J.: 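Pasting in a structure now, in structure tokens, and then I'll have a few things to ask.
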Amino acid sequence: MEKTSKQLENKSLAIFNANDEFPRSGDQNFTFKQNPDLFYLSGIDQEQTILLLFPDCPNPLHREVLFLRQTNDYIKVWEGYKYTKEQAKSASGISSIYWLEDFDNILHSIVHYADNIYLNTNENDRYAHTVPHRDLRFIDHMRSKYPLHQYKRAAPIMRGLRAIKSEVEIALTRKACAITRDAFIRVLKFTKPGIKEYEIEAEIIHEFIRQGGTGHAYTPIIASGHNANILHYNDNNQICNAGDVILFDFGAEYANYNADMSRSIPVSGRFTSRQKEVYNAVLHVMKEATKLLVDGTVWNTYHEAVGEIMTEQLINLKLISTTDVKNQNVAYPAYKKYFMHGTSHHLGIDVHDFAGRYTPFADGNILTVEPGIYIPEEGLGIRLENNILITANGNIDLMADIPLEAAEIEDIMNS
Ligand code: GLY
Ligand code: MN
Ligand code: MN
């Protein structure tokens, strides 16, 4: 919160809203998911929360203020636990806590002492909104009520801050990775020919919840055989046949932090020699790419370098030829036929976390490394994905203890 306040111009206030509760059906909402910026700033995971920052507010009581949905005996009986003011104070470190009904009055009493109002909206460049969510409604509301203030975007400040993880954020990500590891080992022991993809999915969620995870970080991919060539496959309803490889992409969510892991395993417990050849090619690219993830590397340069490493592997596998490479279109290099997605993304409160695409990698970033080779004509798709923390002293693989080498995978499956 202090880091955000420091980046506001003088005489500025900033307001962050909780996410909407989205309807799921006629009588239910989807499980509530907190706005990532509000959670990052306040640690409060509760609907209808508002955070107001006004570092140079003439009234010192209103420099950091949290507004909460007022709980009562009825809510306690039907919905259970909601923050009391005292609990919210200790969870957030903010001493001025009010109920939501006081928001308009308090804002009105201080807003004319500010020149600028920073408002938040989702500027994650992977997100294209089609639903008129709370941030957008709130921006309209503020602009019509206080039309002569200067409005500014809070998102560029959050983008810079959220990319650099604190010790607590790293610890929570490590915990999400540890739960993910245990689920994967469980899957290795459980998988055998004839099993259904959803039976494996059930094993994964069992382990996540058993260990206090809040669920999947994203819809899990359990893609056997040909299904691995559908990048966002998540029907997870097919039989895993002997001789096929299953591509997994799953991760635990823990305290709103995420793991994002991919592994590819042989249904029968042993890779064929061709499968192993492709597996080791992906593994090679993963290891080489990880070495390039260092402080100061620029996104585009990194992805181009990984493309070259992948190109070499695809030539070795006889999937593309040197002639294909010679004649390739630079805007769509030959390797993209078999490796069509990016190699890395930031990871944090959002799985594809909020960070600058043109900002060099830096100490404290957590990124995925996730090369894959997808060969529809062979009914084979292999992706491997680990989560890497960049530090000033080199990077740290947060998934270093999750089985990765082909022989290790086979040993556990056959033990
Ligand atoms: N699981 C989403 C991704 O790997 O990017
Ligand atoms: Mn993934
Ligand atoms: Mn990923």
Side-chain angles (χ1 to χ4, degrees), residues 33 36 124-128 162-163 165 169 172-174 176-184 187 197 200-201 204-205 207-208 213-224 227-236 245-254 256-265 279 282-283 285-287 289-290 292-293 299 302-303 306-307 310 336 338-355 357 361 365-374 381-390 395-400 402-404 409:
K33 183 77 183 146
N124 191 323
D125 53 18
R126 290 173 177 261
Y127 180 76
R162 280 181 49 194
K165 271 59 182 180
E169 293 183 288
L172 294 172
T173 308
R174 280 187 187 280
C177 291
I179 298 174
T180 305
R181 173 198 60 215
D182 292 349
F184 179 55
V187 164
E197 291 166 349
I200 296 175
E201 184 177 336
I204 295 167
I205 195 69
E207 193 62 34
F208 285 180
T214 30
H216 288 286
Y218 48 88
T219 309
I221 295 171
I222 320 287
S224 61
N227 299 332
N229 290 301
I230 305 166
L231 292 180
H232 290 161
Y233 174 82
N234 53 33
D235 292 341
N236 302 350
V245 166
I246 318 174
L247 187 160
F248 299 116
D249 189 338
F250 64 82
E253 180 194 72
Y254 184 81
N256 281 326
Y257 282 81
N258 297 295
D260 182 5
M261 181 198 76
S262 300
R263 289 291 185 274
S264 303
I265 73 167
Y279 190 98
V282 177
L283 185 57
V285 178
M286 184 198 211
K287 288 178 178 172
T290 303
L292 300 174
L293 270 191
W299 194 267
Y302 167 74
H303 275 98
V306 177
M310 179 59 91
K336 287 215 180 253
Y338 294 99
F339 174 41
M340 55 297 276
H341 56 78
T343 309
S344 293
H345 57 83
H346 287 264
L347 176 73
I349 302 178
D350 290 317
V351 174
H352 299 115
D353 208 27
F354 191 32
R357 203 178 275 266
F361 299 144
N365 288 167
I366 298 179
L367 289 126
T368 65
V369 181
E370 48 180 306
I373 296 178
Y374 310 92
I382 289 178
R383 176 165 67 254
L384 301 170
E385 176 175 23
N386 276 8
N387 303 158
I388 308 294
L389 166 68
I390 298 181
N395 63 38
I396 297 172
D397 187 342
L398 302 178
M399 293 186 158
I402 305 184
L404 180 63
I409 303 274

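Everything numeric in this text was worked out from a predicted model, so none of it was measured. All ligand and atom numbering here is 1-based and tracks the order in the structure.
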J.: Look at the N, O or S atoms of H352, main chain and side chain alike, and state whether any lies under 2.8 Å from the Mn ion (ligand 3).
T.: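 Checking the Mn ion (ligand 3) against H352, no N, O or S atom falls under 2.8 Å.
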J.: For E253, enumerate each residue passing the salt bridge (charged side-chain N to carboxylate O under 4.0 Å, His left out) test, keeping only those at least two apart in sequence or located in another chain.
T.: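 For E253 the salt bridge (charged side-chain N to carboxylate O under 4.0 Å, His left out) partners, ignoring immediate neighbours, are K33.
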J.: Would R174 and Y257 count as a side-chain hydrogen bond (donor to acceptor under 3.5 Å, both in side chains) here? Give the steps.
T.: CA-CA 9 Å; R174 280 187 187 280; Y257 282 81; over 6 Å; no
J.: Tell me, do V285 and F339 make a side-chain contact under 4.5 Å, heavy atoms counted?
T.: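 The answer is no, as the side chains (C-beta and beyond) never meet within the 4.5 Å cut-off.
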J.: Does Y218 have its ring centroid less than 6.0 Å away from the ring centroid of H232?
T.: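 No - the distance between ring centres of Y218 and H232 does not fall below the 6.0 Å cut-off.
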J.: Please verify the inter-ring angle class for F184 with F248; under 30° counts as parallel, over 60° as perpendicular, anything in between as tilted.
T.: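 Geometry flag for F248 against F184: perpendicular rings.
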J.: Strictly distance-based, threshold 3.5 Å: is any side-chain N or O of N395 a donor or acceptor partner for the main-chain N or O of T290?
T.: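 Between the backbone of T290 and the side chain of N395 there is a qualifying donor-acceptor contact (under 3.5 Å).
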J.: What residues form a salt bridge (charged side-chain N to carboxylate O under 4.0 Å, His left out) with D125, not counting sequence neighbours?
T.: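 So D125 forms a salt bridge (charged side-chain N to carboxylate O under 4.0 Å, His left out) with R357.
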J.: For ligand 1, what are the residues with a heavy-atom contact below 4.0 Å?
T.: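 Within 4.0 Å of ligand 1, protein side: Y218, D249, D260, H345, H352, E370, E385.
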J.: Less than 4.0 Å between a side-chain N and a carboxylate O, is that true for D350 and R162?
T.: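 Yes, charged N to carboxylate O under 4.0 Å.
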J.: Determine whether F361 and W299 make a side-chain contact, defined as any pair of heavy atoms from C-beta on separated by less than 4.5 Å.
T.: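 In short, these two side chains touch, coming nearer than 4.5 Å.
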J.: Which residues and atoms, counting only protein N, O or S, are under 2.8 Å from the Mn ion (ligand 2)?
T.: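 You should have found D249 OD1, D249 OD2, D260 OD1, E385 OE1.
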J.: Of N236, N227, N234, which is the lone residue that meets side-chain hydrogen bond (donor to acceptor under 3.5 Å, both in side chains) with E197?
T.: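 By the side-chain hydrogen bond (donor to acceptor under 3.5 Å, both in side chains) criterion, E197 pairs with just one of N236, N227, N234: N227.
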